[in-house]
Number of protein chains: 2
Amino acid sequence: MSTAEDTAGGEAEAWGQVTPDAARRLLVAAVEAFAERGYHATTTRDIAGRAGMSPAALYIHYKTKEELLHRISRIGHDKALDILRTAARGEGDATRRLADAVSSFVRWHAGGRTTARVVQYELDSLGPDARAEILALRRQVDAEVRGIVEDGVASGEFDVPDVHGTTIAVLSLCIDVARWFNVDGPQTPDEVGALYADLVLRMVGAKQSPAQT
Amino acid sequence: MSTAEDTAGGEAEAWGQVTPDAARRLLVAAVEAFAERGYHATTTRDIAGRAGMSPAALYIHYKTKEELLHRISRIGHDKALDILRTAARGEGDATRRLADAVSSFVRWHAGGRTTARVVQYELDSLGPDARAEILALRRQVDAEVRGIVEDGVASGEFDVPDVHGTTIAVLSLCIDVARWFNVDGPQTPDEVGALYADLVLRMVGAKQSPAQT
DNA sequence: GGGCACACTAAGCGAGCGCTCAGCTTCGGC
DNA sequence: GCCGAAGCTGAGCGCTCGCTTAGTGTGCCC
């Protein structure tokens, strides 16, 4: 098993599970609009227009504008957690698994920046219940990364004085990629993923580079 | 000269330069509201209410709601740049200066999280002209950090294969503190600043810890 | 081929938005 | 003691927002 090439691919393919077709088109349109302008600056008319429908059509498939954001955030967090779990529970020592986790997580944030932006930065626009649900997923994301770091410390691979603080820093570094990464810029998602995996191994004081697979 | 204790202090003190008093109260109210709810979700009635004034009073001191954001962003970026310049042009080797820059920059993002949130995450809500002005300041911020990294590489203190990418990562790590830091959480701004300075020195492969001042 | 369920549209409602304006109060200059 | 400038308020304008409703077209079942 490799580092899951399919986790960081095209923008739209992750929405295949959403049916019917009109509901998926609206969801994809909402992701694009929210990523470009932010949730509050996006109008339901804009979303419907991007999906090639009238404003009223939105309300056949979703109760409110907030439900759109909730669904996007839920699917996105599920995907993010899936990526990290695949790497965290893969084969290899902690060094290998941390490098895989960071590089695939970063590739997802860079390559699917449109989605990742909404998922990571529009959390505060959700209502209390939806917010609480998403925060629970975030704690699981955190736990996956912390688990790898703790494994590496236990095995003597890593030198980490502050596991909690360092875990936050590693995740923070990955997540912020969604803010600054530019698809038209000089770096590809793969390059940033490789660079960040190396930087993170340095942060945890990894004794050696992971073997190439 | 030390690491500028006064750069990361209380929230409101940085606005002393804004006069008259009513204009400053409105600006501080706007910072709080924007940080809590975001620019687009904040109403001019809310800002004026927090400042203890009627909605119309806002327009005596500021032409539009966007001018408030512009002024906040400008003052905040000036402050951020000032913090980095102080550290970058201070005494000591590159290791010392990078550690100072990161720890003071992080302290500012953590301690003044309200301000930093608006400054770092509401850039897209500005119009094209204001946005361009702020982006120019950001490039200067970037240049200060890259300068230190390049100094360290040239002197042999650092081992950095990708100076450009690593500089972005260092800044990204610091900036994202404004997103996750919780004033009521277990960590103080000073602690996060010290941890992050250490993590960044590891990222650049610094040969030794900086001497304590 | 008649009827009905379903997806969708045109039109628009009530609310709240950014912002304006006429008028009130306060206060320094003379 | 009067005047004009400056700071502020109460009321509200024009607009756009999220969302609703009445009605239309389409296709499937019998």
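Computed from a predicted structure; not experimentally measured. What you see below is based on every heavy atom in this structure, not just the backbone, and it leaves out hydrogens, waters and symmetry mates. In what follows, chains carry the letters A, B, and so on, assigned in the order in which the sequence lines appear, proteins first and then strands, with residues in each chain numbered from 1.
- Chain B approaches DNA chain D within less than 4.0 angstrom (heavy atoms of the protein), and the contacting nucleotides run 5' to 3' from D/dC8 to D/dG12.
- Applying the salt bridge (Lys or Arg N to Asp or Glu O under 4.0 Å) test to residues at least two apart or on different chains, the pairs with a partner in residues 47-59 of chain B are B/Glu32-B/Arg50, B/Glu36-B/Arg50, B/Asp46-B/Arg50.
- Residues from residues 43-62 of chain A that place a heavy atom under 4.0 Å from any atom of DNA chain D, listed by number: A/Thr43, A/Thr44, A/Arg45, A/Ala56, A/Tyr59.
- When the ring-ring contact (aromatic ring centres under 6.0 Å, His included) test is applied to A/Tyr196, no partner is found at least two apart in sequence or on another chain.
- Between A/Arg138 and A/Asp142 there is no salt bridge, since no side-chain nitrogen of the basic residue lies less than 4.0 Å from a carboxylate oxygen of the acidic one.
- Salt bridge annotation for A/Asp82-A/Arg85: absent, with no cationic side-chain nitrogen under 4.0 angstrom from a carboxylate oxygen.
- The side chain to side chain contact (heavy atoms under 4.5 Å, CB included) check on B/Ala41 picks up A/His40, B/Arg37, with sequence neighbours excluded.
- Among residues at least two apart or in separate chains, salt bridge (Lys or Arg N to Asp or Glu O under 4.0 Å) pairs with a member in residues 52-69 of chain A are A/Glu67-A/Arg71.
- The aromatic rings of A/Trp108 and A/Phe105 lie parallel to each other, with less than 30° between the two planes, well short of the 60° mark.
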